[in-house]
Every structure is written in structure tokens, then in C-alpha cells.
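Sequential numbering from 1 along the given sequence is applied to the chain's residues.
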Amino acid sequence: MFSVTFGALVKRIFSVPRIVKMSDIERILANNKAAEELLAALKQELKTIRNEQVQQKIVQLQAENETLRKQVDSCLKKLVSLEVAHGKVQIPVPTPDEVRAGGPATVKIEPVAPQPVAPVAKTESAQPAKAQQNENKPPKEKKPKKEKPAGEAKPAAPSEEPPIDVGRLDMRIGRIVEVSRHPDADSLYVEKVDCGEPNPRTVISGLVKFVPIEQMQNRLVVALCNLKPAKMRGILSEAMLMCASTPDKVEILAPPEGSVPGDLVHVEGYPRVPDAVMNPKKKIFETVAPDLKTNGELVACYKDGTFVVPGKGVVKAQTLKNVQVK
């Protein structure tokens, strides 16, 4: 009845468990490999998240440091002005670069210029009469002059106001962190712009018909930060976005690659001495504005000086050449 030999039957019995066992091992190895790959991916993602957090913290600390530096500079200028007004002699202090260079730090005391005294005009007719009176009077005893204390000096004349040029404008790199349509004006955007300060600035811009709202969000811009804040349809605007502009097209100026909120924008050839807030009566921006343009290479300029972020590059428009910047 049985055509299968005993040896063949034994071989068949022992071959079944072997096949099952090998498939289990292969499945386990495959699962183990997948688990290792998943673990490696998670480790890489965690590393990326940590690097981003560290970078964000660095940017935040740089912004806070820049804000503190400006506050210290402002306080120092006020202190120097008060000391000069009270006759205190100013002694220049070596800069950190001079100290690090290891050279001899020379300190020179600058004398305060005395106030000019207008000479008293004498007429020819009065001189003989005065000489005759002096001859009739007995000679007077000369009193010794009182010496002034060594530290006492006359107050210096107030420093001259810087010339009206682009150096008086406080232009900084900002990032639009929030944007919406103005509730009471169809042509206006309301933006929150991070300029590297503790709080973002509110900016009102008439860009609705030129730039789609999705292109505004998270965009780097050049913000003019020392205009006097003004209400526009009931909302206070604290800065202005600098744009290349024609009657038919407007382009937001693009900062160079690597710029971050709070970076200062300089113009080559013009020292940066911005007013805290420009006085509207002095018409500083109105005087500067006609010479703000893009050149043939799309670079934003004031006269022959280009807009630059030191160490990072020039500020440019996207397509508009030789047009007004405002």
C-alpha cells in the first residue's frame, strides 16, 4: 500500500521545520534592519531639530545684543553731551581694536576752545579825550590776577548737526512674520515686521495691487525705522518698506543672501548717523528721496553709493532698473 520508502518519509518530515525556521529568521533580520534604519532616521531628525534651535537662539541673542549696544551708545552720547555742557574735558579712550593690536595707547587731552570775545570798537574822536582823562588821573595800583582752577574750562559749543543725506536714515533688515489686509482700506496691508528688536513693528503698506499676500509672508525686507510713527486709517505705522517703484509696478527691495533681522543697511560713501526719529519739520527724507534709485544692475543706490549689508552683499530689486526707490 505504501509506495514511499521509510528513508524518503523521514527526509520529508525533517525538511518541513527547517523551511519554517529559515523564513522566521529572515523575517526577524528584515525587521531588525528596518528598526535600525528607523532609529538612524530619528537620530538625524533629532540632530537637525537641535541645530535649528541652537541657530534660533544665536539669532535671538545677537538681536538682543544689538539692541543693548544701541541703548549703551545712546546713553553714552547723552552723558558726553552733559559733561561737555558742564565744562568737563573729554579724554579719548582707546578702542578695543587698538588694545588688541598691542600698540601704545596714547591718550591726549583736547583743550576746549575759548569763546571768542568781540573787540570793542573805538572812534578816533573818543581816543584823545580818553587819553587826556587818563593823564589827569593818578596811576592805579594793579591788582594780581586770580588764577582759575586747573580743571575749570568753558563749555564747548554744541556739535554741528550732520549733513542731510542718506546717512540720517535708519534702514535695517526685517522679516514679515505676519500679514493681513487692512480692515478699513482695500489697498493696504497690515504687517508685523521683526527688525531684530524685542517686539515686531507694525507697518502699513499700499502693496495689495502689486504683491500677492502669499508672497508677503515670511519675506525679508529693508525697513526704514526712524520715520515718525503715523496713523493710517486708524492703525499706527512704525516703519516703511523700501521698494523699487514705477506707476505700474512696485517691487520690495531684496536683502542679500544670509541677511537676518536687525542687520544694518549702510550706503557706501555716507557715514551712518541716523536720527532717533527724523523731525518732520526738517524734511530729511523728502530731501534724500529724489536721489534714491536703482541702477542698471538693479542695485539700490543713493547718488553713487550702493546699499550694502556689510559682509553679506548689496540690496537689489528683482527686475526694475533705473527707477525710484521709496
Name the one of Val211, Val193, Val179 that satisfies side-chain contact (heavy atoms from CB on, under 4.5 Å) with Arg219? Val211

First locate atom SG of Cys301, then atom CZ of Phe307, and finally report the distance between them rounded to the nearest 0.5 Å. 7.5 Å

d(Leu241 CG, Ile204 CD1) to nearest 0.5 Å is 10.0 Å

Tell me if a side-chain donor or acceptor on Lys312 pairs with a main-chain N or O of Gly258 at a distance below 3.5 Å. yes

Considering all heavy atoms, the nearest Asp184-His182 contact: N-ND1, 2.9 Å

Shared hydrophobic cluster for Tyr302 and Leu169 (ILVMFWY, side-chain gaps under 4.5 Å): yes

Of all heavy-atom pairs linking Val203 and Ala239, the shortest is CG1-O, 3.4 Å

Salt bridge or not between Glu191 and Arg201? Use side-chain N to carboxylate O under 4.0 Å. no

Within a radius of less than 6.0 Å around CG of Asn279, do more than 12 heavy atoms belonging to other residues, nucleotides or ligands occur? yes

For the student: nearest non-hydrogen atoms of Val325 and Lys293, plus distance: CG2-C, 3.6 Å

Euclidean distance, Gln217 CD relative to Ile213 CD1, rounded to 0.5 Å: 8.0 Å

Of all the heavy-atom pairs spanning Pro256 and Val315, show the shortest one and how long it is. CD-CG2, 4.1 Å

Check the pair Met278, Leu227 against side-chain contact (heavy atoms from CB on, under 4.5 Å), reporting the backbone distance first and the verdict last. CA-CA 6 Å; Met278 288 188 288; Leu227 288 173; 3.5 Å; yes

Does either side chain, that of Lys231 or that of Ser237, offer a donor lying less than 3.5 Å from an acceptor on the other one? no

Under the 3.5 angstrom rule, does the side chain of Gln60 hit a backbone N or O of Gln55 as a donor-acceptor pair? no

Is any side-chain N of the basic residue among Arg272 and Asp170 closer than 4.0 Å to the acidic one's carboxylate O? yes

For Glu268 and Thr306, which I'm curious about, is there any donor-acceptor pair between the side chains at under 3.5 Å? yes

Less than 4.0 angstrom from a charged side-chain N to a carboxylate O is my criterion; do Lys77 and Asp73 meet it? no

Do the side chains of Arg69 and Glu66 get close enough for a salt bridge, i.e. N-O under 4.0 angstrom? yes

Using the rule that two of Ile, Leu, Val, Met, Phe, Trp, Tyr join whenever any of their side-chain heavy atoms come within less than 4.5 Å, decide whether Leu207 and Leu224 are in one cluster. no

Is it the case that more than 12 heavy atoms not belonging to Lys326 sit under 6.0 Å from its NZ atom? no

Thinking salt bridges, do Lys249 and Glu251 make one under a 4.0 Å N-O criterion? yes

Is it true that atom CD of Glu214 has more than 12 heavy atoms of other residues, nucleotides or ligands lying nearer than 6.0 Å? yes

With a 4.0 Å cut-off on N to O distance, would you call Asp263 and Arg172 a salt bridge? no

Hey, quick one: are Ile235 and Leu188 part of the same hydrophobic cluster, counting side-chain heavy atoms closer than 4.5 Å, chains of contacts allowed? yes

So, are Asp194 and Arg175 salt-bridged, with charged N and O less than 4.0 Å apart? no

Hey, any chance Leu253 and Val308 share a hydrophobic cluster, counting ILVMFWY side chains that come within less than 4.5 Å of each other, even indirectly? no

Look at the side-chain heavy atoms of Ile, Leu, Val, Met, Phe, Trp and Tyr, link any pair under 4.5 Å apart, and say whether Ile173 and Met242 land in one connected group. yes

Is the closest basic N to carboxylate O distance between Glu297 and Lys316 below 4.0 Å? no

Asn226 to Pro274 - nearest heavy-atom pair and separation: ND2-CB, 4.0 Å

Exercise: identify the closest heavy-atom pair between Ala223 and Cys195: CB-SG, 4.1 Å

I need the Arg50 CZ to Thr48 OG1 distance, nearest 0.5 Å. 11.0 Å

Can you measure from CZ (Phe210) to OG (Ser187) and round to the nearest 0.5 angstrom? 9.5 Å

Going from CD on Glu197 to CD on Glu238, what distance comes out if it is rounded to the nearest 0.5 angstrom? 8.5 Å

Is there a side-chain contact between Val166 and Met171 (heavy atoms, below 4.5 Å)? yes

When you measure from the side chain of Ser259 to the backbone of Pro255, do you find a donor-acceptor pair of N or O atoms at a distance under 3.5 Å? no

